[in-house]
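Here's the structure, in structure tokens; my notes come after.
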Amino acid sequence: MEVHPLHTPCYCEENVCMLLNQLHDSHNVPWRDLAALFITSHTRLTPVWRQAASQHANGLVLWDYHVVALHRQREGDCLVWDMDSTLLLPCSWHAYRSAALFPSEAEVARFAPRVFRMVSGRALTSRFESDRSHMRSESGGWSAPPPPWPCFECAARGGGDPLTLEALLRVDADLGPGTKLLEQAASNQLPWEEVCGEAEATLAE
């Protein structure tokens with residue numbers, strides 16, 4: 001499967017939404033096998049390693065948040081699409097988790113604990129909403145040039161209650177079916193059935 005993801009730097013959540021739609025619409029990947037992983041922390045200093053924007057040898061960047069796409073495979077693993085990474089695109093969840101999220105206990109322990117939220121691809125692409133106001137500077141200009149596509153509007157796609165970026169980054173919020181806060185993403189097993197199964201059942205009603 002040859003995929004050419006759209007990528008606008010500093011808009012990872014929108015890049016992931018566009019990719020999930022592309023994988024489903026153009027490559028016939030079922031929604032039950034697509035999800036996003038939102039990564040943040042209480043301090044909004046969120047370490048992710050092996051990032052192309054890094055100025056460090058280990059590729060460390062402290063994002064305020066980061067979002068990657070997940071594509072479940074039949075063999076039980078899943079592929080991770082991080083368009084800001086120097087790792088293979090895509091790479092396995094095991095490889096990504098080891099290199100980009102948990103390179104060593106000592107490295108991870110230097111920073112505040114991170115929070116991981118898994119969101120089903122169907123819930124995110126149908127309910128995500130963003131006016132990009134978080135990317136505006138105090139003067140009203142853009143802190144980074146915006147993507148060429150329109151802003152995401154939940155109402156325009158009939159997705160029900162919107163999933164705003166602010167809500168998705170809350171570290172203690174229960175956002176209902178199709179989303180789940182993970183315990184540090186410490187396991188190699190992601191809760192696919194719990195997250196994507198709930199979303200499929202709810203959105204099918």
Side-chain angles (χ1 to χ4, degrees), residues 5-25 29-44 46 48 63-72 78-84 93 101 114-136 142-144 146-185 190-205:
L6 299 173
H7 178 245
T8 301
C10 301
Y11 291 83
C12 54
E13 67 281 1
E14 295 198 29
N15 295 330
V16 165
C17 279
M18 297 295 287
L19 174 60
L20 293 174
N21 274 319
Q22 182 182 0
L23 290 172
H24 177 265
D25 296 343
V29 179
W31 282 126
R32 65 177 178 273
D33 293 332
L34 294 172
L37 189 67
F38 285 73
I39 311 162
T40 188
S41 70
H42 294 270
T43 63
R44 291 294 177 90
T46 307
V48 183
W63 300 112
D64 48 354
Y65 65 92
H66 196 48
V67 189
V68 300
L70 305 174
H71 176 194
R72 178 166 57 171
C78 79
L79 298 178
V80 178
W81 297 78
D82 181 350
M83 288 159 273
D84 298 293
W93 166 245
L101 299 181
R114 291 164 295 178
V115 177
F116 299 83
R117 184 187 295 277
M118 187 173 173
V119 184
S120 81
R122 188 173 183 183
L124 185 65
T125 56
S126 63
R127 296 170 56 196
F128 181 64
E129 183 169 287
S130 174
D131 61 5
R132 300 174 182 160
S133 57
H134 65 293
M135 296 300 294
R136 291 283 190 181
W142 295 106
S143 57
W149 53 81
C151 292
F152 283 80
E153 297 182 15
C154 173
R157 300 188 305 273
D161 294 336
L163 287 173
T164 64
L165 182 61
E166 180 182 4
L168 288 164
L169 296 179
R170 288 179 58 188
V171 299
D172 57 355
D174 180 0
L175 301 181
T179 76
K180 181 177 176 60
L181 289 171
L182 309 182
E183 294 293 333
Q184 276 283 335
L190 293 167
W192 282 96
E193 293 305 322
E194 183 177 355
V195 173
C196 294
E198 283 187 352
E200 287 294 299
T202 301
L203 292 171
E205 293 177 355

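FYI, the numbering just counts along the sequence from 1. Predicted, not measured: the structure shown is a model, and the values here were computed from it.
Not counting sequence neighbours, the partners of P146 by the side-chain contact (heavy atoms from CB on, under 4.5 Å) test are Y11, R132, W142. Considering only residues two or more places apart in sequence or on other chains, T46 meets the side-chain contact (heavy atoms from CB on, under 4.5 Å) condition with I39, T40, S41, R114. With sequence neighbours left out, W149 forms a side chain to side chain donor-acceptor pair (under 3.5 Å) with E14. Taking D82 as the reference, Q51, H66, Y96 meet the side chain to side chain donor-acceptor pair (under 3.5 Å) condition, with sequence neighbours excluded. When the side chain to side chain donor-acceptor pair (under 3.5 Å) test is applied to H134, the partners found at least two apart in sequence or on another chain are E13, Y65. Shown here are the salt bridge (charged side-chain N to carboxylate O under 4.0 Å, His left out) partners of D33, two or more places apart in sequence or in another chain: R72. Looking at residues two or more places apart in sequence or on another chain, you find no ring pair (Phe, Tyr, Trp, His ring centres under 6.0 Å) involving W81. Annotation: ring pair (Phe, Tyr, Trp, His ring centres under 6.0 Å) contacts of H24 (sequence neighbours excluded): W31. D64 meets the side chain to side chain donor-acceptor pair (under 3.5 Å) test with no other residue; sequence neighbours excluded.
One distance of note links CD of E194 with CE of M118; it measures 9.5 Å at 0.5 Å rounding. To the nearest 0.5 Å, atoms CG (N21) and CZ (R122) are separated by 12.0 Å. In this structure, S120 OG and R127 CZ are separated by 8.0 Å, a value rounded to the nearest 0.5 Å.
The shortest side-chain heavy-atom distance between W192 and L70 falls under the 4.5 Å cut-off. In this structure the side chain of L181 reaches within 4.5 angstrom of the side chain of V115, judged on heavy atoms.
A side chain to side chain contact (heavy atoms under 4.5 Å, CB included) with F128 is found for one member of L168, V16, T164 and no other, namely L168.
Other residues, nucleotides and ligands contribute only 12 or fewer heavy atoms inside 6.0 Å of the CZ atom of R170.
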